[in-house]
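The first residue in the sequence is number 1, and the count goes up from there.
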Amino acid sequence: MEPIGDGELIELAGGDTRVLVATRGRRGPAPDAVLRRLVAHGSGVPADDVELVHRCEVCGNRHGRPSVGYPTTPTGAPWFVDAGAAGDVVVAAAATSRRVGVGIEPAGDDVRESVDEAALHPSERAGLALLDAPERARARAVLWARKAALLRAMGHTGFVEPSTLALTLPGDDGGVGRIEHTVPEFGPGWRGVRFHDLAVPEPVVASVAVLV
């Protein structure tokens, strides 16, 4: 395998999804560079040879998670990938058989409270109200990161209103979130969706959504 370089390599439950967490500072790597290293490590090609495509497969515009033009997975299938950054933290995720999305948010952003009604389900808001201020700020950020990761994993055609979807409350679910109140867009697959919260340097929180 290609050497992974600096950063923490994490294998999520299920066996086909790996995450690379790196810090960047002033001269650290960009998200694309970290993602190329992760794909290279899993495929055995040089990182410089990994081709990332930033073009939506539906509309052709540059938005959402990237795809991998080269290489394929060891079985010849396409990779499912995403990457994001906030502060000095970069997170990249790659899977061989399931869609993934990365959500990464500042943990102490008080502005987020002003959009709770639009972004959070009533049950999530009720759960947050029971927490003290520091715990509430962090739990709110984690919920945001989880939902951002989910929307990125779903892609262009899978948009849902964040406030219609209820997730388990961070702190009560051991860092592996699930969907508690679903929406029709998910069909029967919603029970298999998982949100893997990552241990990243403060004041950032990060989560990887893994779809079935």
Side-chain angles (χ1 to χ4, degrees), residues 4-26 28-39 41-42 52 54 63-66 79-95 98-113 115-116 119-120 124 127-128 131 134-155 162 165 167-179 193-211:
I4 199 69
D6 295 334
E8 180 185 5
L9 181 65
I10 303 166
E11 185 168 315
L12 301 184
D16 76 325
T17 304
R18 291 183 174 182
V19 177
L20 181 59
V21 178
T23 55
R24 56 181 180 173
R26 289 185 177 181
D32 276 7
V34 176
L35 183 53
R36 286 190 178 95
R37 282 164 43 195
L38 180 59
V39 173
H41 180 74
L52 299 180
H54 290 277
H63 70 86
R65 57 183 169 82
W79 287 94
F80 296 97
V81 300
D82 196 19
D88 290 335
V89 179
V90 182
V91 175
R98 297 181 289 178
R99 287 179 290 167
V100 295
V102 170
I104 182 166
E105 297 285 339
D109 191 351
D110 295 333
V111 176
R112 296 296 187 188
E113 187 172 358
V115 295
D116 277 1
L120 301 182
E124 294 171 333
L128 290 178
L131 304 177
E135 288 179 310
R136 185 164 57 250
R138 192 178 194 284
R140 176 185 291 111
V142 171
L143 286 172
W144 258 112
R146 289 177 175 182
K147 291 192 177 187
L150 176 63
L151 294 176
R152 289 183 65 85
M154 291 174 66
L165 196 69
L167 311 183
T168 53
L169 194 67
D172 292 344
D173 55 23
V176 181
R178 302 175 305 280
I179 296 175
V193 176
R194 291 292 180 268
F195 305 90
H196 298 267
D197 301 334
L198 306 175
V200 297
E202 299 285 349
V204 168
V205 298
S207 189
V208 174
V210 181
L211 278 58

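Separation of atoms CH2 (W79) and CG (L35) is listed at 10.0 Å; rounding is to 0.5 Å. Here the CG atom belonging to D172 is positioned 8.0 Å from the CG atom belonging to L131, to the nearest 0.5 angstrom. From S207, atom OG reaches atom CD of E105 across 11.0 Å, with rounding to the nearest 0.5 Å. In this structure, L167 CG and L143 CG are separated by 6.0 Å, a value rounded to the nearest 0.5 Å. The distance from atom CD1 of I179 to atom CZ of R194, rounded to the nearest 0.5 Å, is 9.0 Å. Here the CZ-CG distance, from R140 to L120, works out to 7.0 Å after rounding to the nearest 0.5 Å.
Between R138 and E202 the shortest side-chain heavy-atom distance falls below 4.5 Å. Contact check for H54 versus D32: side-chain heavy atoms found under the 4.5 Å cut-off. L12 has its side chain out of reach of V100: every pair of non-hydrogen atoms, C-beta onward, lies at least 4.5 Å apart. Side-chain atoms of L128 and L169, non-hydrogen and from C-beta on, do get closer than 4.5 Å to each other. Within the 4.5 Å cutoff, the side chain of M154 has heavy atoms near those of the L150 side chain.
Residue V89 is tested with L198, V205, V204 for a side chain to side chain contact (heavy atoms under 4.5 Å, CB included); the sole match is V204.
D16 is linked by a salt bridge (Lys or Arg N to Asp or Glu O under 4.0 Å) to R98, counting only residues two or more places apart in sequence or in another chain. Residues satisfying the salt bridge (Lys or Arg N to Asp or Glu O under 4.0 Å) test with D173, not counting sequence neighbours, are R146. Evaluation of the salt bridge (Lys or Arg N to Asp or Glu O under 4.0 Å) rule for E8 yields no partner, not counting sequence neighbours.
In this structure, the side chain of R65 engages the main chain of R152 through a donor-acceptor pair within 3.5 Å. The closest donor-acceptor contact from the side chain of T17 to the backbone of A95 lies at 3.5 Å or more, if one exists at all.
Between P66 and D82, the shortest heavy-atom distance links the atoms CD-OD1, 3.6 Å. Looking at every heavy atom in both residues, I104 comes nearest to A85 through CG2-N, 3.6 Å. The two atoms that bring G84 and V102 nearest to each other are N-CG1, 3.9 Å, heavy atoms only. A pairwise comparison of heavy atoms in L151 and P162 identifies CD1-CG, 4.3 Å as the closest pair. When all heavy atoms of V90 and R24 are compared, the pair lying nearest together is CG2-CD, 3.6 Å. Taking all atoms of both residues into account, the shortest heavy-atom contact from K147 to L165 is NZ-O, 2.8 Å.
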For this session: Kindly indicate, with the supporting measurements, whether the criterion side chain to side chain contact (heavy atoms under 4.5 Å, CB included) is fulfilled by V91 and V34.
Result: CA-CA 8 Å; V91 175; V34 176; over 6 Å; no

